[in-house]
Every structure is written in C-alpha cells, then in structure tokens.
Amino acid sequence: MYNEIQMFLDVRYVSAPEAMWRIYTFEMHDMSHAIIKLFVHLPNMQQVYFNTNSTIPDVVERAATQHTTLTGWFALNTQDEEARQYTYVQIPYNYVWKITQTRIWVERQRHFNRIIPRYFVHPREDYIRRLNDNDLAYNYALAYINRYLALQGKSNRDFQLLLPTEPVEHLIEDEYDYDQSEEQEIANRNIPLLNQEQRRIFTDILLAVNENERVSHRLFFIKGIGGAGKTFLLNTLLTYLLGNNHRYIAICYTGIPASLLKMAKRFILLLCYRFHF
Ligand SMILES: Nc1ncnc2c1ncn2[C@@H]1O[C@H](COP(=O)(O)OP(=O)(O)OP(=O)(O)O)[C@@H](O)[C@H]1O
C-alpha cells in the first residue's frame with residue numbers, strides 16, 4: 001500500500017537553516033503584498049473562460065457582459081468622475097476588483113500599503129500593438145525566431161516554420177543595441193568580485209563557450225540557496241560575453257527571472273507565434 005505521509009517523511013530533507021527556523025518556531029508563511037493582475041488587451045481580444053457544457057449563445061452572452069480589469073476600468077470612468085484622476089495602474093490602490101456576476105471596480109474601503117499592480121500583456125498582442133499590423137507582427141516573429149536559430153546554425157525551415165516574407169531585420173536590431181565597451185567595463189569591474197566558487201563556474205563556462213576548447217561537457221546546472229550569488233554570476237558572465245562580442249540567448253521560463261538577467265527573454269516569447277498561445 002502506498003503511504004503518502006510516510007513517503008513524504010522518508011524523502012524529506014530538513015536543512016540546518018530550516019531546522020533552526022522550526023526550533024525557534026518562526027512563522028513559516030507570511031503574506032506581504034497583495035498582487036493585483038491588470039490585463040491589457042486589444043478590443044475584443046480578451047481571454048474568455050467557459051464551461052465545456054455551456055452552449056455557444058451562453059458563452060457569447062457571458063463574454064459580452066463580463067468585464068476584464070481593463071474594460072471594467074473604462075466602464076468605471078464613464079460613471080465615476082472621481083476615478084478619472086487615476087491611471088490604470090493607480091486604480092487598484094483606490095478601487096477593488098469585485099468578482100461578481102458582472103465584475104466591476106468598487107471603491108476601496110481598506111487601504112493596504114503594499115499593493116503590487118502587475119500588467120499582463122499577451123506577447124502576441126504586444127507585438128501587434130507595437131507594430132500596429134498583424135502581418136508585420138507575424139513576420140517579425142518569424143524573423144526573430146529565425147535569427148535565434150541562425151545562432152545555432154539552423155533556420156526556421158529546419159522546424160517546418162515559414163521564413164519571413166519581407167525583410168524585417170531592421171525591426172529587431174534594437175534587441176542587440178548595447179555598448180560593447182560599457183559591457184566590457186562592467187565585466188572588468190565585476191569579475192574580480194567573484195568569489196572562489198563563482199569564479200570556478202565562470203571559468204568552466206567560458207571554456208565551454210569556446211568551440212575550439214576540448215571540454216568534457218557544455219551543459220551546466222547551477223544550484224545554490226537564495227542569495228548565494230547565482231544571478232550575479234550569470235549577469236557577470238553575460239556581460240562579459242557581450243563585452244567580447246559573443247551573441248547569446250538567455251531564456252527563462254517566467255517573467256521575473258527574465259527581468260533580472262541581462263537581455264533575457266521569456267521562453268513563451270520565442271514560441272507564442274508558432275503555437276498561437
Ligand atoms: N561576488 C559578489 N560580489 C558582490 N556582490 C555579490 C556577489 N555575489 C552576489 N552578490 C550580491 O549578493 C546579492 C544576492 O545575489 P544574487 O541575487 O546573485 O543571488 P541568487 O543566488 O541569484 O539569489 P536568488 O536565488 O534568491 O535569486 C545581490 O545583491 C548580489 O549583487
């Protein structure tokens with residue numbers, strides 16, 4: 001018989017810091033910030049959720065009457081003069097998003113100090129909005145993917161993807177807009193700061209980056225407790241690569257790490273056009 005609790009106890013590892021934390025009975029969880037997700041979308045391009053058992057007229061009716069945080073904000077502005085003084089990002093500080101039948105912003109009664117409004121823009125819509133043209137956005141995405149694949153000696157064709165139908169290279173030039181000497185300077189400043197372990201990993205990876213070096217492996221997994229210096233190490237490495245005219249692709253699964261690493265992209269941004277996420 002599979003004993004789930006015993007299994008958990010058997011494989012559980014309690015590190016020294018966690019053991020101390022528990023012995024002193026410190027709080028294990030705390031809620032520090034209220035994170036409020038604000039959607040940004042083009043007209044009629046919002047996500048619509050429905051039950052698979054619903055009929056199409058019901059789904060359409062629901063979609064037409066249910067606001068997103070963005071359309072709800074527009075609606076709020078038509079009725080509430082007070083609300084017009086706030087930008088979209090300021091709204092959650094003064095209004096609460098009430099999920100009722102219709103979903104509306106209502107005036108906030110309790111004020112928290114720590115609210116983080118977070119935008120959510122679908123990458124596809126972001127491209128379309130920035131380029132203001134569907135076909136151009138599609139081409140842009142194809143060129144963008146092709147360019148990354150070219151760094152690995154491949155092209156869109158190797159993955160049954162189309163090639164861009166018109167030259168859009170100039171649109172993606174800005175991706176590589178950096179000052180090489182500035183990067184070099186930052187790298188020169190940070191490399192001497194690396195501690196012994198960071199320096200060892202830095203050297204090993206640099207050797208692996210050099211195609212002419214004979215190394216036993218070129219795949220690295222860097223592990224360390226929070227604050228150990230992983231991001232610092234990676235950014236120093238990426239800055240060094242930029243400063244020495246190497247091209248790289250830094251890919252993260254989610255947005256927060258992507259915002260911490262130098263010129264990193266979210267995985268989904270590379271794929272969204274192919275699969276229409
Ligand atoms: N060698 C170093 N010299 C100077 N500062 C450093 C060094 N390594 C790390 N730091 C600093 O220590 C702090 C924590 O480092 P960092 O954010 O890189 O850790 P991390 O392992 O990525 O943490 P987490 O897993 O929580 O994201 C940062 O302020 C970073 O600038």
Side-chain angles (χ1 to χ4, degrees), residues 8 11-38 89 112-121 123 126 148 151 175-210 213 215-272 277:
F8 175 76
V11 299
R12 184 162 171 253
Y13 168 72
V14 181
S15 64
E18 188 187 340
M20 288 309 290
W21 195 264
R22 286 185 183 271
I23 288 167
Y24 283 110
T25 63
F26 292 142
E27 294 285 343
M28 294 304 287
H29 306 281
D30 184 28
M31 205 182 108
S32 59
H33 294 74
I35 296 178
I36 292 156
K37 212 169 176 181
L38 296 175
V89 182
F112 300 104
N113 287 333
R114 291 173 292 187
I115 291 175
I116 305 182
R118 292 205 57 201
Y119 276 101
F120 177 79
V121 184
D126 190 30
Y148 275 137
L151 296 174
E175 300 276 325
Y176 296 100
D177 190 16
Y178 60 87
D179 180 340
Q180 192 179 340
S181 58
E182 205 174 291
E183 300 300 328
Q184 229 161 15
E185 210 175 287
I186 302 172
N188 288 343
R189 212 169 42 232
N190 286 350
I191 293 169
L193 298 177
L194 295 176
N195 64 30
Q196 207 179 350
E197 244 182 314
Q198 287 170 325
R199 189 177 299 271
R200 189 169 55 79
I201 303 169
F202 180 88
T203 316
D204 281 356
I205 297 180
L206 271 197
L207 281 179
V209 164
N210 186 344
E213 286 287 340
V215 290
S216 57
H217 56 266
R218 291 198 149 86
L219 186 63
F220 294 84
F221 178 77
I222 305 170
K223 185 166 147 268
I225 56 166
K230 301 177 291 291
T231 312
F232 184 86
L233 163 68
L234 287 175
N235 274 333
T236 305
L237 183 75
L238 298 178
T239 309
Y240 177 86
L241 292 175
L242 285 181
N244 286 276
N245 214 16
H246 285 281
R247 290 279 168 87
Y248 65 79
I249 314 173
I251 299 172
C252 303
Y253 272 104
T254 56
I256 293 179
S259 65
L260 296 174
L261 275 189
K262 201 161 187 85
M263 284 176 48
K265 293 276 169 299
R266 270 188 310 150
F267 186 59
I268 191 168
L269 274 181
L270 289 174
L271 299 180
C272 65
F277 287 162

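Both ligands and their constituent atoms are indexed starting at 1 by order of listing.
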Next item on the list: Please identify each residue that fulfils side-chain hydrogen bond (donor to acceptor under 3.5 Å, both in side chains) with E183, with sequence neighbours left out.
Entry: K262
Notebook entry, point to check: How many angstroms lie between atom CG of L206 and atom CD1 of I201, to the nearest 0.5 angstrom?
Noted result: 12.0 Å
Next item on the list: Please round to the nearest 0.5 Å and tell me the distance separating atom CG of L237 and atom CZ of F220.
Entry: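 Going from the CG atom of L237 to the CZ atom of F220 covers 9.5 Å.
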Notebook entry, point to check: Within a strict 4.5 Å, meaning less than it, do heavy atoms of the V209 and H246 side chains meet?
Noted result: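 Yes, at least one pair of side-chain atoms sits under 4.5 Å.
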Item checked: Pairs involving residues 16-32, ordered by first then second residue, that meet salt bridge (charged side-chain N to carboxylate O under 4.0 Å, His left out) (sequence neighbours left out) ->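 Checked against salt bridge (charged side-chain N to carboxylate O under 4.0 Å, His left out) - neighbours excluded - the pairs reaching residues 16-32 are R12-E18, E18-R22.
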Note to self: Students should find this: residues with any non-hydrogen atom under 4.0 Å from ligand 1. What is the answer?
What the structure shows: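 Within the 4.0 Å shell of ligand 1, which is judged on heavy atoms, sit L193, L194, N195, Q198, I225, G226, G227, A228, G229, K230, T231, F232.
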List, one per line, each side-chain donor-acceptor pair under 3.5 Å for residues 186-197, sequence neighbours excluded.
residue: N188; atom: ND2; partner: Q184; partner atom: O; Å: 3.3
residue: N195; atom: OD1; partner: E197; partner atom: N; Å: 3.2
residue: N195; atom: OD1; partner: Q198; partner atom: N; Å: 2.8

